[in-house]
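This report refers to the structure that appears directly beneath it.
Every value quoted in this text rests on a predicted model; they were computed, and no experiment measured them.
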Amino acid sequence: MIYNSTLKWDAVYDVIVVGFGGAGAGAARFAADNNAKVLLIDSAPEGQEGGNTRYAGGAFAWSDNFDDLRDYYKQTYYPFKYDPKDLDAFVNNVLQMKEYSKEYFGIDAQYTGRRPQGEYPEYRHADTMRSQSMTQGMYNGGFWKLLRKKVYERLDKIDIWFSSPAQHLIQDPETKTILGVQIKHQGQVRYVAAKNGVVLSCGGFENNQDMVQNFLGQGSLAPIGTLYNQGKGIDLAVEAGARLWHMSNYDSHGFSLNEGKPREKFAYMINWKSLFNGSIFVAGDDGTRYYREDEEDRHGYKYNHGNWIMLPNQNHPHIVMDQRQYEQLANDTSDKADQIKELISYAIKADTIPKLGEKINAPKLLQAVEDFGFVTEVTKRDLLLNRNIETMRAFGAGPYYAIPIRHNILHTHGGARRNENCEVLDMANNVIPHLYEAGELGDIFATKYIGANSIADLLISGKIAGENAAWPKRKIVDFDLISHASKAPELKSDAHASSSDYEAGPNQGIGISENGINDVPIVVRATVSDNQITNIETLQQKETPSLGGRAIPALTKEMLAKQTTDVDAVSGASVTSAAFKAAVKQAISNAKSEGEN
């Protein structure tokens with residue numbers, strides 16, 4: 001929106017960061033480290049912030065050879081264009097990622113051992129692309145908690161507003177300088193000025209069906225990360241006059257279950273080797289096979305005549321199998337056995353293939369089953385899709401089964417075009433003053449996403465954007481709070497740093513644990529009188545309502561009854577149970593210390 005002299009500012013910060021995911025956490029952290037007072041906002045409620053980073057594995061790309069790595073990236077771009085300056089800057093930073101980990105997190109990153117020949121071993125210098133990790137294990141939330149912790153260590157410089165989506169950027173009509181952000185905070189529209197810069201780090205558009213259809217040309221994709229990436233960064237960038245790039249690029253992990261829900265189950269089932277081994281295949285909309293089921297997943301990209309492309313979106317594909325295969329999966333003993341057994345519980349059943357085809361609206365299913373048997377028993381080679389014949393078995397007796405699945409989407413890459421300084425560019429490729437960008441929104445990947453590179457990018461771009469946004473600008477924008485301030489009450493941060501943020505009365509102590517299933521700390525207050533635990537209050541928790549949310553009151557009741565924190569964990573909520581017990585134990589210890597004083 002265009003600034004005018006009647007607009008009244010509700011608050012003024014040095015930097016505003018839009019989006020509290022991995023890139024936004026980095027941008028806020030490094031802006032604060034450069035003496036900026038920062039407002040960090042997110043559209044998600046507290047406990048659900050983090051964007052796709054909270055669902056990520058946490059490994060980041062690393063290499064030790066600039067020329068080889070640059071050549072590798074160039075091959076993955078082909079035949080798409082790339083900006084040499086942007087690519088060179090990114091490659092240089094990837095080479096420094098191990099030092100980055102040590103300097104800014106105090107951690108010696110370790111080689112993960114995954115894909116030693118890179119995601120595309122067919123390319124030259126594929127072995128130069130290696131992945132490192134700062135945390136133990138993957139997909140456990142550890143990496144996101146690490147980034148979030150660095151923000152919470154700086155709450156003297158960073159205010160956080162949850163459930164506070166950006167509505168519009170506020171822009172000077174003449175200079176095109178971004179002056180601030182219109183934000184909907186606690187149900188009220190607020191106008192917040194940014195003296196030095198605004199960083200857009202609000203993720204992609206995976207959950208915006210209109211954008212998915214218009215930019216990706218796909219009909220229906222199941223998000224497997226955050227549900228809060230609605231493409232608002234695209235709207236904000238366009239509103240400011242930015243040029244867009246990489247809008248057609250996205251990545252996936254193949255398929256998820258199809259229950260028609262916003263986020264489906266079993267997002268990574270394409271990687272279950274024991275699943276596609278036998279009389280089983282994936283049927284497209286008409287019932288015929290359309291991709292090699294045993295092919296290694298490359299973030300959704302599949303081999304296509306010498307190239308790798310994203311699979312065309314089928315609208316209602318199914319996993320199809322016979323009775324023998326169903327029994328084989330029901331008795332599976334692999335490390336994915338529990339997931340496989342739950343997956344087949346969703347199967348649609350029919351006595352014959354034609355009847356199954358009718359049930360799933362797949363008119364050519366019988367033909368597909370016959371073709372599957374022909375290549376398995378006659379040609380001894382999958383002439384259609386080149387699946388390993390050792391993983392194929394002709395269909396036998398019924399009944400037969402079909403499991404509804406959906407193509408899924410991990411994240412998009414399109415957004416405003418940015419330069420090597422993470423400054424957003426306009427339609428003439430000129431910098432839009434005071435506007436920066438970081439993370440998956442407008443990253444440098446034009447095609448073929450390579451694993452561990454989005455983590456590297458968010459660390460790199462978050463730091464660059466945050467530091468540059470914090471840098472005092474030569475032309476000082478005049479934010480006259482006397483003549484142009486609203487009469488709104490003081491707007492406070494939603495974040496709490498430590499136990500000192502909570503009140504404890506006589507014989508009371510505060511306990512905090514950050515080891516719950518969610519990254520919002522569990523905070524409790526215990527009252528101890530005459531060595532008896534008389535009360536346990538949960539002041540803050542954002543655990544899963546159906547598991548941890550039920551476990552906490554049950555544990556509270558048992559602790560009070562038994563007068564100890566040494567109680568059994570609640571089944572299905574062991575992580576929450578352990579964290580809650582630790583918080584209560586700490587609170588009791590603090591209460592006793594207070595009583596002694």
Q) Do side-chain atoms of Gln230 reach the backbone of Leu227 as a donor and acceptor pair under 3.5 angstrom? A) yes
Q: Determine, using ring centers only, whether Phe143 and Phe105 are less than 6.0 Å apart.
A: no
Q | Sidechain-backbone polar pair: Asp285 side chain, His316 backbone, donor-acceptor under 3.5 Å | A | yes
**Q.** Check: Gln75 side chain, Arg124 main-chain N or O, donor-acceptor pair, under 3.5 Å
**A.** yes
Q.
Tyr401: which residues meet the side chain to side chain donor-acceptor pair (under 3.5 Å) condition with it, sequence neighbours left out?
A. Gln323
Q: Please list all pairs passing the salt bridge (charged side-chain N to carboxylate O under 4.0 Å, His left out) test where one or both residues lie in residues 217-239, with sequence neighbours left out.
A: none
Q | Partner set under side-chain contact (heavy atoms from CB on, under 4.5 Å) for Arg417, not counting sequence neighbours | A | Asp83, Arg243, Trp245, Leu425, Asn429
Q | Main-chain N/O of Asn408 paired to Ser252 side chain as donor or acceptor, under 3.5 Å | A | yes
Q. Is the backbone of Asp297 close enough, under 3.5 Å, to the side chain of His253 for a donor and an acceptor to pair up by distance?
A. no
Q. Is Arg148 salt-bridged to Glu514, going by a charged N under 4.0 Å from an acidic O?
A. no
What pairs of donor and acceptor atoms, side-chain ones from residues 445-453 against any protein atom, are under 3.5 angstrom apart with sequence neighbours left out?
{"residue": "Lys448", "atom": "NZ", "partner": "Asn307", "partner atom": "OD1", "Å": "2.8"}
{"residue": "Tyr449", "atom": "OH", "partner": "Ala452", "partner atom": "N", "Å": "3.4"}
{"residue": "Tyr449", "atom": "OH", "partner": "Asn453", "partner atom": "N", "Å": "3.4"}
{"residue": "Tyr449", "atom": "OH", "partner": "Ser454", "partner atom": "N", "Å": "3.0"}
{"residue": "Asn453", "atom": "OD1", "partner": "Tyr73", "partner atom": "OH", "Å": "2.4"}
{"residue": "Asn453", "atom": "ND2", "partner": "Ile450", "partner atom": "O", "Å": "3.1"}
{"residue": "Asn453", "atom": "ND2", "partner": "Gly451", "partner atom": "O", "Å": "3.4"}

Q | Side-chain donor or acceptor of Ser101 paired with backbone N/O of Met134 under 3.5 Å | A | no
Q: List for me each residue that meets ring-ring contact (aromatic ring centres under 6.0 Å, His included) alongside Tyr301, sequence neighbours excluded, and say none if there are none.
A: none
Q. Under the 3.5 angstrom rule, does the side chain of Glu259 hit a backbone N or O of Glu264 as a donor-acceptor pair?
A. no
(Q) Is it the case that the side chain of Asp351 and the backbone of Gly398 share a donor-acceptor pair, with hydrogens and angles ignored and the cut-off at 3.5 Å? (A) no
Q. Is the OH atom of Tyr78 crowded by more than 12 outside heavy atoms at less than 6.0 Å?
A. no
Q: Quick one: which residue pairs count as a salt bridge (charged side-chain N to carboxylate O under 4.0 Å, His left out) with a foot in residues 359-387, not counting sequence neighbours?
A: Arg289-Asp382, Glu293-Arg387
